[in-house]
There are 2 protein chains.
Amino acid sequence: MNSLNRSGLKNTKARAAILKILQQSNRPLSAEEIYDGLVKCNIHVNASTVYRALTALCDKKLIGKTNVTGDKKSFFEYNAKGHRHYLICSECKKIITIERCPLRAYEKMLELETNFTISGHKLSIYGSCPECKDK
Amino acid sequence: MNSLNRSGLKNTKARAAILKILQQSNRPLSAEEIYDGLVKCNIHVNASTVYRALTALCDKKLIGKTNVTGDKKSFFEYNAKGHRHYLICSECKKIITIERCPLRAYEKMLELETNFTISGHKLSIYGSCPECKDK
DNA sequence: AATACAAACGCAAGTCATTTGCGTTTGTAT
DNA sequence: ATACAAACGCAAATGACTTGCGTTTGTATT
């Protein structure tokens, strides 16, 4: 019994591999990157299978979906390590993971102000890393 | 001489009206909403004209573009008021603009910790608005 | 192990926001 | 008043998905 079965999903090679690919990545991946990753593992599935798998894995909360870049592509990440943010170097695209979140208290305040029920947030911080900023 | 001419753009009725519509909105609008706004002003232009106008206005920094809802639509806003964040209803996609930013102090701290030079950030907060959360 | 069947898949076609090619029209500088 | 690049309209193209449908496959049950 694996995490797929536990979530009520059938254990197919594509889905298992997608989970592994995302687990081993230190940054969110696009559907295309995931597809390419599957090909590298010699797993040849249709693109629609990838999308359907990603949708299923999101529904079951095994992975998360974000839209960090602002363009039309979505990105996916493994959902084990809890809440986190990214510090991205605008030049070399290096990504530092930030585990500490400064927004808890702020969200509480915002709920009172707006009467929303807040479910989450997305925060990405951009800048130049120590190596790039001296150039 | 108006802001369009000043930016090296021709002053067409569609572009002037788009600017006015965005100026008068208290939230970012989608291309479709802008198109509908033009129709209400009796300005009938092709959708591609709207997209081309929005692209030109973005290039000239007269307006800004964001992609905050996670779906494929982009949103546009008048570019007078500086830094800001959004509170988005996950159900109806309504967007509330947040002018106050809680991250100044946090960024300073992060710079010391990581030795990055931080240039900016993107923060979007998600939840259910008062109207949707009771359903 | 054999059977059953919903879930998953492949493939092709469809969707939807947006973009682009191209021939025509129009602001704006001369 | 003229010239011409910039804008426009229209139709077709793009790109990231999504969906319909007939076939295959995990998994639970004999």
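Every chain is numbered from 1 and lettered A, B, ... according to where its sequence line falls, protein lines coming before strand lines. In this text, all values refer to a predicted model and were calculated from it rather than measured experimentally. Just so it is clear, the values below take in all heavy atoms, side chains as well, and ignore hydrogens, waters and symmetry mates.
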Task: Residue of the set B/Leu103, B/Ile98, B/Leu87 for which side chain to side chain contact (heavy atoms under 4.5 Å, CB included) holds with B/Leu123 - done: B/Leu103
- [ ] Only counting residues at least two apart or in another chain, list the ones meeting side chain to side chain contact (heavy atoms under 4.5 Å, CB included) with A/Lys108.
- [x] none
Open item on the list: For B/Ser30, give me all partners under side chain to side chain contact (heavy atoms under 4.5 Å, CB included), at least two apart in sequence or on another chain.
Closed with: B/Glu32, B/Glu33, B/Lys73, B/Phe75
Task: A/Leu4 CG - D/dA28 P separation (whole Å) - done: 13 Å
Task: Straight-line distance of A/Phe116 CZ to B/Ser128 OG, nearest 0.5 Å - done: 8.0 Å
Task: Separation of A/Leu62 CG from A/Tyr78 OH (nearest 0.5 Å) - done: 7.0 Å
Using a 3.5 Å cut-off and no angle test, enumerate the donor-acceptor pairs between side-chain atoms of residues 34-45 of chain B and protein atoms at least two apart in sequence or in another chain.
none

Task: Residues touching DNA chain C, which here means a heavy atom under 4.0 Å, drawn from residues 7-20 of chain A - done: A/Leu9, A/Lys10, A/Thr12, A/Arg15
Task: Residues touching DNA chain C, which here means a heavy atom under 4.0 Å, drawn from residues 34-43 of chain A - done: none
Open item on the list: My validator wants the stems of DNA chain C: runs of 3 or more consecutive Watson-Crick or G-U pairs, both distances under 3.5 Å, written as range with range.
Closed with: C:1-30 with D:1-30
- [ ] Ignoring backbone atoms, establish whether B/Asn5 has a side-chain N or O less than 4.0 Å from OP1 or OP2 of C/dT28.
- [x] yes
Open item on the list: Does anything in residues 47-64 of chain B form a salt bridge (Lys or Arg N to Asp or Glu O under 4.0 Å)? List the pairs, not counting sequence neighbours.
Closed with: none
Please list each protein N or O that sits under 3.5 Å from an N or O in nucleotides 17-23 of chain C, with the distance.
{"unit_1": "C/dT18", "atom_1": "OP1", "unit_2": "B/Ser74", "atom_2": "N", "d": "2.8"}
{"unit_1": "C/dT18", "atom_1": "OP2", "unit_2": "B/Tyr51", "atom_2": "OH", "d": "2.6"}
{"unit_1": "C/dG21", "atom_1": "O6", "unit_2": "B/Arg52", "atom_2": "NH1", "d": "3.2"}
{"unit_1": "C/dG21", "atom_1": "O6", "unit_2": "B/Arg52", "atom_2": "NH2", "d": "3.3"}

TODO: Look only at the side chain of B/Thr97 and the backbone of B/Tyr86, and say whether a donor-acceptor pair between them is shorter than 3.5 Å.
DONE: no
Pairing residues for [X] by the salt bridge (Lys or Arg N to Asp or Glu O under 4.0 Å) criterion, not counting sequence neighbours:
| X | answer |
| --- | --- |
| B/Glu107 | none |
| B/Glu111 | none |
| B/Arg6 | none |

Task: A/Tyr106: side chain to side chain donor-acceptor pair (under 3.5 Å) partners, not counting sequence neighbours - done: none
Task: Test item: A/Glu77 and A/Ser25 side chains (from C-beta on) under 4.5 Å apart, heavy atoms - done: no
